> 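Pasting a structure below so you can have a look.
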Amino acid sequence: MIVGVAILAVILWLFGQTLLATNFLPHSYCLVGNARLLWTNVIADLLIGLSYVLISVTLVWVVRRTRGDLPYSEFFWAFGLFIVSCGVTHFLEVVTIWKPVYWLSAFAKGVTALASVGTAAVLLACADKIVALVRTARESAARRGNERFRTLIEASPVGVVAFDRDTRILTWNSAAVRIFGWEEAEVIGAVSPLTPADRQAEHQALLKKTFAGEISTGIETTCITRDARILPVAVSIAPVYDEAGTLTGGMVI
């Protein structure tokens with residue numbers, strides 16, 4: 001930053017007279033005295049310039065408050081410089097309405113051009129890493145959610161069984177082991193062994209309703225245990241959807 005200020009000071013010292021030259025006609029001359037058009041441009045440029053400054057100040061505040069925790073903070077600094085320089089060009093557009101410092105305005109636009117190219121280069125260099133970071137954060141959040149969900153299911157005092165569209169079992173909690181006798185490793189990935197022969201039609205009808213998007217609660221039926229006992233149960237069953245809203249299976253309690 002100190003080097004940048006020094007370079008700017010040298011440029012102003014060498015070319016100060018040229019940059020501040022006013023041997024041109026001001027923009028107000030081009031507007032032929034149309035006050036409404038003049039003030040429309042002035043107010044618009046002022047609002048844009050002030051907004052750019054506010055955006056830049058906010059970016060600086062975010063970077064400083066995160067204290068190094070914000071990934072790719074160099075992009076935020078580059079973008080902040082770009083936004084500030086854009087704001088300066090709009091402020092100079094207001095100045096040149098009455099004072100024709102066009103060389104100074106052109107110099108500000110040159111600085112903005114350099115800041116734009118630098119910001120674009122930083123963005124292109126970081127694009128793949130930013131996408132990877134977002135994906136990693138999303139996957140991490142999904143894993144945390146799944147872990148909490150699995151913990152809740154495992155702690156449930158009632159049997160919880162999740163299955164896919166082919167009725168292959170995906171989840172089998174400890175209560176299901178206690179109630180039906182099969183260990184988790186015996187049933188995960190297998191078609192549900194719980195349906196007695198005389199209940200096949202009834203259970204298929206219930207699955208059909210579930211896969212049609214219906215939720216069924218308090219259904220009294222029977223299931224078969226590992227030691228071939230017929231067990232009367234009350235079940236609630238609901239469809240399960242993925243993030244895209246596609247039905248992927250169901251869950252029964």
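Quick caveat, the model's predicted, so the values are computed rather than measured.
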> Between the side chain of Arg178 and the main-chain N/O of Pro157, is any donor-acceptor distance below 3.5 Å?
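At least one qualifying donor-acceptor pair exists.
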> Measure the CD-CD1 distance between Glu202 and Ile219 for me, rounded to the nearest 0.5 Å.
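Here the interatomic distance stands at 8.5 Å.
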> With under 30° as parallel and over 60° as perpendicular, where do the rings of Trp39 and Trp98 fit, or are they tilted in between?
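Rings of Trp39 and Trp98: tilted, 30 to 60°.
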> Measure the spacing between CZ of Phe163 and CG of Leu194 and express it to the nearest 0.5 Å.
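So the gap between those two atoms works out to 10.5 Å.
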> How long is the straight-line distance from CZ of Phe107 back to CG of Leu92, given to the nearest 0.5 Å?
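Rounded to the nearest 0.5 Å, the CG-CZ separation comes to 10.5 Å.
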> Donor-acceptor pair, Asp45 side chain versus Val94 backbone, under 3.5 Å?
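Checked: no pair found.
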> Donor-acceptor check, side chain of Thr96 to backbone of His27, threshold 3.5 angstrom: yes or no?
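Between the backbone of His27 and the side chain of Thr96 there is no qualifying donor-acceptor contact (under 3.5 Å).
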> Under 4.5 Å between side-chain heavy atoms, hopping through other hydrophobics if needed: is there a path connecting Leu46 to Val95?
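Unlinked, Leu46 and Val95 end up in two clusters.
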> Between CZ of Phe91 and CD1 of Ile48, what distance do you get to the nearest 0.5 Å?
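Phe91 atom CZ to Ile48 atom CD1 measures 10.5 Å (nearest 0.5 Å).
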> Is a side-chain N or O of Asp166 found less than 3.5 angstrom from the main chain of Arg168, in a donor-acceptor match?
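Answer holds: no.
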> Ignoring hydrogens and geometry, is there a side-chain-to-backbone donor-acceptor pair from Ser236 to Gly218 under 3.5 Å?
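Such a contact is found between Ser236 side chain and Gly218 backbone.
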> To the nearest 0.5 Å, what is the distance between OG1 (Thr58) and CD1 (Ile83)?
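So the gap between those two atoms works out to 11.0 Å.
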> Can you hop from Val42 to Val53 via hydrophobic side chains spaced under 4.5 Å?
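The answer is yes; both residues are in one hydrophobic cluster.
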> Does one hydrophobic cluster hold both Ile237 and Leu231, with members joined at side-chain heavy-atom distances below 4.5 Å?
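Yes; tracing contacts between hydrophobic side chains, which count when under 4.5 Å, links both residues.
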> Hey, quick one: are Leu207 and Leu170 part of the same hydrophobic cluster, counting side-chain heavy atoms closer than 4.5 Å, chains of contacts allowed?
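Leu207 does not cluster with Leu170.
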> Using modelled atom types and a 3.5 Å cut-off, is there a donor and acceptor pairing between side-chain atoms of Ser56 and backbone atoms of Tyr52?
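Checking the backbone N and O of Tyr52 against the side chain of Ser56, a donor-acceptor pair under 3.5 Å is found.
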> Spell out, as yes or no, whether a donor-acceptor pair under 3.5 Å connects the side chain of Glu186 to the backbone of Glu183.
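Side chain of Glu186 to backbone of Glu183: a pair is present.
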> Taking Trp182 for its side chain and Pro193 for its backbone only, find out whether a donor-acceptor pair lies under 3.5 Å.
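The answer is no, because no donor-acceptor pair under 3.5 Å joins these two groups.
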> Taking a hydrophobic cluster as the set of Ile, Leu, Val, Met, Phe, Trp and Tyr residues connected by side-chain heavy atoms closer than 4.5 Å, whether directly or through intermediates, do Trp172 and Leu152 fall within one such cluster?
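No; tracing contacts between hydrophobic side chains, which count when under 4.5 Å, never links both residues.
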> Kindly compute the distance separating CD (Glu93) from NZ (Lys109), expressed to the nearest 0.5 Å.
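Going from CD on Glu93 over to NZ on Lys109, the span is 4.5 Å.
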